[in-house]
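Remember, it's a predicted structure, so these values are computed and weren't measured experimentally.
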Amino acid sequence: MAIHKILFASLLIFSLIQSIHGAEKKERLFKDLEKGSLEVTTKPSREGPDVVLDAGKDKISITWKLSSTGSTKEAEFKTIKVKLCYAPPSQVDRPWRKTHDELFKDKTCPHKIVAKPYDKTTQSIDWTLERDIPTGTYFVRAYAVDASGHEVAYGQSTDDAKKLNLFNVQAISGRHASLDIASICFSVFSVVALVVFFVNEKRKAKIEQSK
Amino acid sequence: MAHNHSNEDGSIGTSLHGVTAREQVFSFSVQEDVPSSQAVRTNDPTAKFALPVDSEHRAKVFKPLSFAKPHMRAFHLGWISFFTCFISTFAAAPLVPVIRDNLDLTKTDIGNAGVASVSGAIFSRLAMGAVCDLLGARYGTAFSLMLTAPAVFSMSFVADAGSYLAVRFMIGFCLATFVSCQYWTSVMFTGKIIGLVNGCAGGWGDMGGGVTQLLMPMVFHVIKLTGATPFTAWRFAFFIPGILQIVMGILVLTLGQDLPDGNLSTLQKSGQVSKDKFSKVFWFAVKNYRTWILFMLYGFSMGVELTINNVISGYFYDRFNLTLHTAGIIAASFGMANFFARPFGGYASDVAARLFGMRGRLWILWILQTVGALFCIWLGRASSLPIAILAMMLFSMGTQAACGALFGVAPFVSRRSLGLISGLTGAGGNFGSGVTQLLFFSSSRFSTAEGLSLMGVMAVVCSLPVAFIHFPQWGSMFLRPSQDGEKSKEEHYYGAEWTEEEKSLGLHEGSIKFAENSRSERGRKAMLADIPTPETGSLAHV
């Protein structure tokens with residue numbers, strides 16, 4: 001009982017710390033960010049209608065630069081964080097990918113691609129789709145982050161309605177031949193062991209009864 | 001005809017006496033004849049046991065730290081097997097954030113798989129009573145463990161929502177170990193202490209649902225450290241519960257013993273007590289309306305607990321933006337409370353019975369279950385993490401104690417159909433879990449938080465029927481016992497389950513003995529007014 005009380009108390013303290021930490025982020029909203037300050041373009045290694053890129057194999061070439069219209073907040077740009085984001089078709093019936101206006105709650109762009117310091121030139125990266133990317137429809141967004149780590153502006157490879165320029169990814173299956181074989185071996189062992197015990201005991205019982 | 005019930009020792013107020021089908025008056029073979037005839041002969045057989053035993057060689061004391069053969073060993077093998085099955089059944093829950101990405105699951109898919117994971121046990125729990133009767137508790141447990149282990153391993157093959165659901169359904173069958181575990185302890189421990197023993201076995205087994213929330217993320221993390229990608233690592237993580245099941249199955253078969261005097265197959269049958277007809281046992285269980293009220297009540301205490309095991313980790317992960325690991329710790333605390341909460345519920349029921357009789361038991365059951373459900377409503381509405389954790393802990397204690405308290409009432413509902421009623425009640429728990437998951441957690445209609453609150457409301461409403469459980473001899477929550485001379489006797493209630501023909505054959509003697517011993521359910525006032533009969537003797541209690 002005492003151990004349980006300690007565990008409970010430490011949980012409370014731990015979570016208090018976490019919630020205080022979260023409190024400072026509550027204020028910042030997505031709609032306050034400067035829209036379209038960065039121009040982001042993506043070019044998957046394979047293109048075409050109905051093309052599905054393979055996670056772990058295919059690449060995307062991403063370029064970003066300051067947009068032609070310029071930005072009022074350009075002086076604050078310190079780092080550019082490029083992220084892979086879910087398009088609306090991949091968010092249906094999946095509340096853990098929901099778009100929220102509060103930045104700390106927003107789950108649209110969970111996958112980090114790269115973070116580079118801002119310079120006024122055009123930057124690009126050739127990014128291989130990682131093996132933990134789920135199956136879905138995606139676009140790329142680049143956040144301009146200031147010195148204190150807060151987002152101030154962004155740009156994305158698709159339009160506001162998130163309909164154009166999307167690409168599809170197929171995740172790896174995660175299955176492995178060695179895993180399959182090990183699984184079968186253990187399963188067979190389990191059933192066979194049970195049968196062996198059973199038959200053995202029945203035999204012993206018969207012998208005892210016949211004595 | 002010798003009826004060797006631990007009733008003779010005075011099973012007054014024992015919460016879980018005969019909670020299974022192991023009692024002589026029912027189905028299939030009975031081995032009790034053998035020990036009894038031996039015990040009459042000499043005192044020696046009892047001397048060879050490490051613990052003091054009664055005439056049936058059931059242990060009279062409960063020593064949780066001992067592993068003495070055969071009683072304490074059976075207890076530990078039983079509850080650890082049940083614990084292992086809980087780990088396997090809910091192993092997927094803390095890993096759902098990874099699995100849903102790998103298999104591209106929607107909320108509906110995840111919810112349906114959760115329903116499937118608890119549905120299989122509805123059937124397997126009903127069947128397990130018969131299996132234990134036929135083959136003994138060891139094989140009942142081993143069958144459950146070792147035949148579902150392949151299902152656990154087959155998570156390696158799962159590629160989409162359909163196969164995921166099928167595998168979780170098949171793994172869920174192993175929750176039948178609840179019945180075999182309680183069966184085994186009921187054979188090994190005497191009626192006076194069976195309440196505490198079964199409460200501990202049930203509660204400690206249920207803890208598996210909590211431990212798995214810690215264990216699986218940890219195993220997953222370790223496997224990732226060796227270099228595996230997440231989508232392979234989670235599949236490999238399932239090997240741990242699978243291997244645990246195989247190990248426990250082998251331990252049960254090698255170290256365990258069906259009965260205090262040996263294994264079922266090697267004990268000679270010196271004579272057969274007449275077997276009760278399954279159709280009669282079934283009919284009396286189904287005909288008794290109290291069975292169905294208990295079915296529903298357990299559905300909203302254990303059922304809610306099973307549902308929470310499936311959804312709580314993901315809830316904390318998504319709503320409060322925690323890591324998989326932290327969400328697992330919090331979710332684990334829910335299940336771990338079972339360690340003392342469930343035995344406490346059984347104990348509280350016994351104390352209430354001592355003071356107020358059966359009416360006290362019913363009130364305690366209603367209070368614990370409703371309070372737990374109210375805290376569930378609060379949990380859904382809590383928007384800050386510390387409040388959510390506090391609400392969750394209070395909720396867990398209330399609901400789990402209610403599970404323990406329910407099995408303080410269940411053994412008195414029927415004597416003839418005792419085992420089947422406990423099997424049906426157990427199945428009711430799984431059924432309730434399936435219903436709540438289907439209604440509140442399988443679609444995007446409600447957020448998980450709303451689902452939790454609505455589930456709490458439903459649990460409050462569905463706990464009200466306990467007021468309708470009325471025993472003519474003891475009363476109910478709001479009604480006094482019957483004043484009628486005939487109906488106010490326990491013998492009348494339990495005797496009513498036998499036809500005149502059966503009574504003339506003396507088949508109902510066990511029920512009559514039980515009725516005499518159950519007079520303690522009248523409460524203290526009534527007991528003081530009564531002159532205790534020779535059989536009941538002292539009012540010694542657990």
Side-chain angles (χ1 to χ4, degrees), chain A residues 1 3-4 7-8 11-19 22-23 55-56 90 92-96 98 104-105 107 130-136 170-176 178-195 197-198 201-202 204-209, chain B residues 97 100-102 104-108 139 142-143 145-147 149-150 153-159 229-236 239 242-243 245-246 249-250 253-254 263 265-266 268 314 317-318 320-322 326 329-330 333 336-337 339-340 384-386 388-390 393 443-444 447-448:
Chain A
M1 199 47 189
I3 297 171
H4 197 87
L7 179 71
F8 183 41
L11 264 172
L12 268 176
I13 295 169
F14 182 64
S15 49
L16 267 163
I17 297 170
Q18 278 223 346
S19 61
S90 288
V92 172
D93 204 12
R94 292 178 177 89
W96 57 88
K98 207 164 150 200
F104 85 101
K105 265 197 201 174
K107 306 271 179 56
E130 301 206 339
R131 286 189 294 164
D132 62 354
I133 305 287
T135 304
Q170 173 65 42
I172 60 166
S173 74
R175 290 179 55 186
H176 224 266
S178 56
L179 217 58
D180 292 346
I181 295 169
S183 165
I184 296 176
C185 288
F186 275 110
S187 305
V188 166
F189 173 72
S190 179
V191 178
V192 164
L194 181 67
V195 169
F197 267 103
F198 193 68
E201 265 195 45
K202 284 279 181 237
K204 275 195 217 155
K206 276 209 185 119
I207 294 169
E208 279 229 13
Q209 276 204 354
Chain B
R100 68 190 179 197
D101 277 346
N102 188 185
D104 198 25
L105 303 176
T106 61
K107 183 169 182 185
T108 313
Y139 276 110
F143 268 43
L145 286 165
M146 294 171 90
L147 292 181
F153 290 114
S154 59
M155 273 295 189
S156 329
F157 299 100
V158 161
T229 56
F231 291 176
T232 307
W234 76 265
R235 296 164 187 275
F236 199 25
F239 275 61
I243 292 172
Q245 277 188 231
I246 298 180
I250 294 177
L253 288 173
T254 50
N263 283 323
S265 52
T266 53
Q268 289 165 333
Y317 179 84
D318 288 333
F320 298 103
N321 298 303
L322 306 173
T326 314
I329 295 176
I330 298 174
S333 311
M336 303 285 239
F339 182 74
F340 62 89
S384 81
L385 189 60
I389 294 178
L390 177 66
M393 289 314 300
S443 69
S444 290
S447 68
T448 310

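Both the backbone and the side chain of B:Phe143 come within contact range of chain A, each with at least one heavy atom under 4.5 Å from a heavy atom of that chain. For a residue to count as touching a neighbouring chain, one of its non-hydrogen atoms must lie under 4.5 Å from one of that chain's; by this rule B:Phe239 touches chain A with the side chain only. Of the two parts of B:Leu105, only the backbone, made up of N, CA, C and O, holds a non-hydrogen atom closer than 4.5 Å to a non-hydrogen atom of chain A. Contacts between A:Ser173 and chain B at a heavy-atom distance below 4.5 Å involve the backbone alone (N, CA, C, O). Of the two parts of A:Ala55, neither the backbone nor the side chain holds a non-hydrogen atom closer than 4.5 Å to a non-hydrogen atom of chain B. If you measure heavy-atom distances from A:Lys98 to chain B, you find no contacts under 4.5 Å at all.
The shortest distance between side-chain heavy atoms of A:Ile181 and A:Cys185 falls below 4.5 Å.
With A:Leu179 as the partner, the side chain to side chain contact (heavy atoms under 4.5 Å, CB included) test is satisfied by one option alone out of B:Phe157, B:Phe153, B:Phe236: B:Phe236.
Checked against a 6.0 Å centroid threshold, the rings of A:Phe186 and A:Phe189 do not count as neighbours.
Partners of B:Thr108 according to the side-chain hydrogen bond (donor to acceptor under 3.5 Å, both in side chains) rule, which considers only residues two or more places apart in sequence or in another chain, are A:Asp93.
Judged purely by atom type and a 3.5 angstrom limit, B:Gln245 uses its side chain to pair as donor or acceptor with the backbone of B:Leu145. Panel note: side chain B:Arg100, backbone B:Lys107; no donor-acceptor pair is recorded below 3.5 Å. Without hydrogens or angle criteria, B:Ser156 side chain to B:Arg235 main chain gives no donor-acceptor distance under 3.5 Å.
Chain A forms the most heavy-atom pairs under 4.5 Å with one residue out of B:Asp104, B:Thr448, B:Leu147, B:Ile243, and that residue is B:Asp104. When each of A:Val92, A:Val188, A:Asp180, A:Asp132 is scored by its heavy-atom pairs under 4.5 Å with chain B, the top score falls to A:Asp180. Chain B forms more heavy-atom pairs under 4.5 Å with one residue of A:Arg131, A:Glu130, A:Lys105, A:His176 than with any other, namely A:Arg131.
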